[in-house]
Amino acid sequence: SAVISQKPSRDICQRGTSLTIQCQVDSQVTMMFWYRQQPGQSLTLIATANQGSEATYESGFVIDKFPISRPNLTFSTLTVSNMSPEDSSIYLCSVSSADPHMSRGYTGELFFGEGSRLTVL
Amino acid sequence: RKEVEQDPGPFNVPEGATVAFNCTYSNSASQSFFWYRQDCRKEPKLLMSVYSSGNEDGRFTAQLNRASQYISLLIRDSKLSDSATYLCVALVGNQFYFGTGTSLTVIP
């Protein structure tokens, strides 16, 4: 399985500030996914980060609020900008076993980082 | 309407009991389905894929009913370590849609 490291694991931030979450994968992947899991809610896809191109954002999420970087095939960052208490959530980085770089064969499995728990005061 | 809907529970069952979780999906184009397990304050991890013929892995049985757009997970002989949230997931194209999860607590 893919090993995904996320930093920070948790943070408490003031309203109006920004936080950048880092995601490092132990192998090269074409796509990295950023999810949000708000308390009592399902995982919601924020965007897909592709190396060498702009990230693809899902409905309800915009680049100005959640800028993403993808400088190489093993690393990505998600920034939560101008934070408000509504941004308090767990942010999860993920890769898919169906990724073209993975030679394991398609199992439909998503591998997740341990998540970054963000609290905005 | 949500892509994937689950009964949030909580389900509180005694050790050794059999418990079943149900899940419905709205998009008939969904091609694959999965059950993930998420422990408290941890990331989700794949429990099992759901095949059209149904599949079994030890104490866990998953079934799919495409006509009713319904997926189930059956856990037999529940263990304390089965306490977690179980997420139903549908794959549509390249996107995974997650249910809100069903909380299970197995009581000694």
Side-chain angles (χ1 to χ4, degrees), chain A residues 1-7 9-10 21 23 25 29-50 55-61 89-100 102 104-119, chain B residues 1-10 21-27 29-53 55 57 60 62 64 71 73 84-104:
Chain A
S1 64
V3 177
I4 304 172
S5 302
Q6 273 187 246
K7 289 192 296 186
S9 58
R10 60 180 63 238
I21 302 167
C23 178
V25 188
V29 291
T30 302
M31 295 179 289
M32 295 175 74
F33 306 98
W34 286 100
Y35 284 86
R36 180 173 75 180
Q37 187 175 29
Q38 293 180 307
Q41 302 295 315
S42 61
L43 276 77
T44 302
L45 182 63
I46 298 171
T48 302
N50 305 300
T56 304
Y57 288 83
E58 298 302 311
S59 176
F61 298 97
S89 182
I90 300 172
Y91 292 85
L92 292 147
C93 175
S94 174
V95 302
S96 170
S97 65
D99 192 278
M102 292 210 180
R104 298 177 181 86
Y106 179 68
T107 63
E109 183 167 7
L110 280 177
F111 304 104
F112 289 92
E114 292 185 341
S116 299
R117 184 179 296 271
L118 172 63
T119 302
Chain B
R1 183 183 175 186
K2 291 181 180 179
E3 291 279 346
V4 176
E5 298 206 54
Q6 294 180 250
D7 179 350
F21 305 141
N22 301 320
C23 170
T24 57
Y25 61 95
S26 61
N27 193 334
S30 303
Q31 66 259 41
S32 301
F33 306 90
F34 312 91
W35 284 100
Y36 277 72
R37 169 186 171 137
Q38 186 172 25
D39 291 295
C40 187
R41 296 181 178 271
K42 295 287 188 181
E43 73 277 19
K45 293 186 178 178
L46 181 67
L47 176 65
M48 59 195 309
S49 303
V50 185
Y51 303 126
S52 56
S53 59
N55 52 305
D57 182 3
F60 299 85
L64 167 65
I71 306 148
L73 177 68
T85 298
Y86 292 83
L87 304 171
C88 177
V89 183
L91 177 62
V92 182
N94 292 320
Q95 185 155 344
F96 292 84
Y97 292 94
F98 286 79
T100 54
T102 299
S103 174
L104 171 67

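Each chain gets a letter, A, B and so on, in the order its sequence line appears, and its residues count up from 1.
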Would you give the length of the straight line joining atom [atom1] of [X] to atom [atom2] of [Y], rounded to the nearest 0.5 angstrom?
{"X": "Glu43(B)", "Y": "Ile90(A)", "atom1": "CD", "atom2": "CD1", "value": "10.5 Å"}
{"X": "Glu109(A)", "Y": "Lys45(B)", "atom1": "CD", "atom2": "NZ", "value": "10.0 Å"}
{"X": "Thr100(B)", "Y": "Gln38(A)", "atom1": "OG1", "atom2": "CD", "value": "13.0 Å"}

Under the side-chain hydrogen bond (donor to acceptor under 3.5 Å, both in side chains) rule, collect the residues that match up with Ser94(A), sequence neighbours excluded.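 Result, side-chain hydrogen bond (donor to acceptor under 3.5 Å, both in side chains) vs Ser94(A): none returned.
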
Applying side-chain hydrogen bond (donor to acceptor under 3.5 Å, both in side chains), name anything that partners Gln6(A), two or more places apart in sequence or on another chain.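 Expected list: Ser116(A).
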
Going through the distances and angles, do Leu110(A) and Phe96(B) end up as a side-chain contact (heavy atoms from CB on, under 4.5 Å)? CA-CA 9 Å; Leu110(A) 280 177; Phe96(B) 292 84; 3.5 Å; yes

Full working for ring-ring contact (aromatic ring centres under 6.0 Å, His included) between Phe98(B) and Tyr35(A): CA-CA 11 Å; Phe98(B) 286 79; Tyr35(A) 284 86; 5.6 Å; yes

Engaged part of Leu43(A) at the chain B interface, taking heavy atoms whose separation is under 4.5 Å: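 Both parts, backbone and side chain.
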
Proximity breakdown for Gln38(B) and chain A, heavy-atom pairs closer than 4.5 Å: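 For Gln38(B), the side chain is the part near chain A, not the backbone.
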
Step through the shown structure and confirm whether more than 12 heavy atoms of other residues, nucleotides or ligands are within 6.0 Å of CD on Glu114(A).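 At most 12 heavy atoms, drawn from other residues, nucleotides or ligands, come within 6.0 Å of this atom.
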
Criterion side-chain contact (heavy atoms from CB on, under 4.5 Å) on Lys42(B) and Phe112(A), from CA distance to verdict: CA-CA 10 Å; Lys42(B) 295 287 188 181; Phe112(A) 289 92; over 6 Å; no

Before giving the answer on side-chain contact (heavy atoms from CB on, under 4.5 Å), spell out for Arg41(B) and Arg10(A) the whole-Å C-alpha distance, their side-chain angles and the decisive distance to 0.1 Å. CA-CA 11 Å; Arg41(B) 296 181 178 271; Arg10(A) 60 180 63 238; 4.0 Å; yes

Heavy-atom closest pair, residues Ser42(A) and Gly99(B):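 In this case the closest contact between Ser42(A) and Gly99(B) is CB-O, 3.1 Å.
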
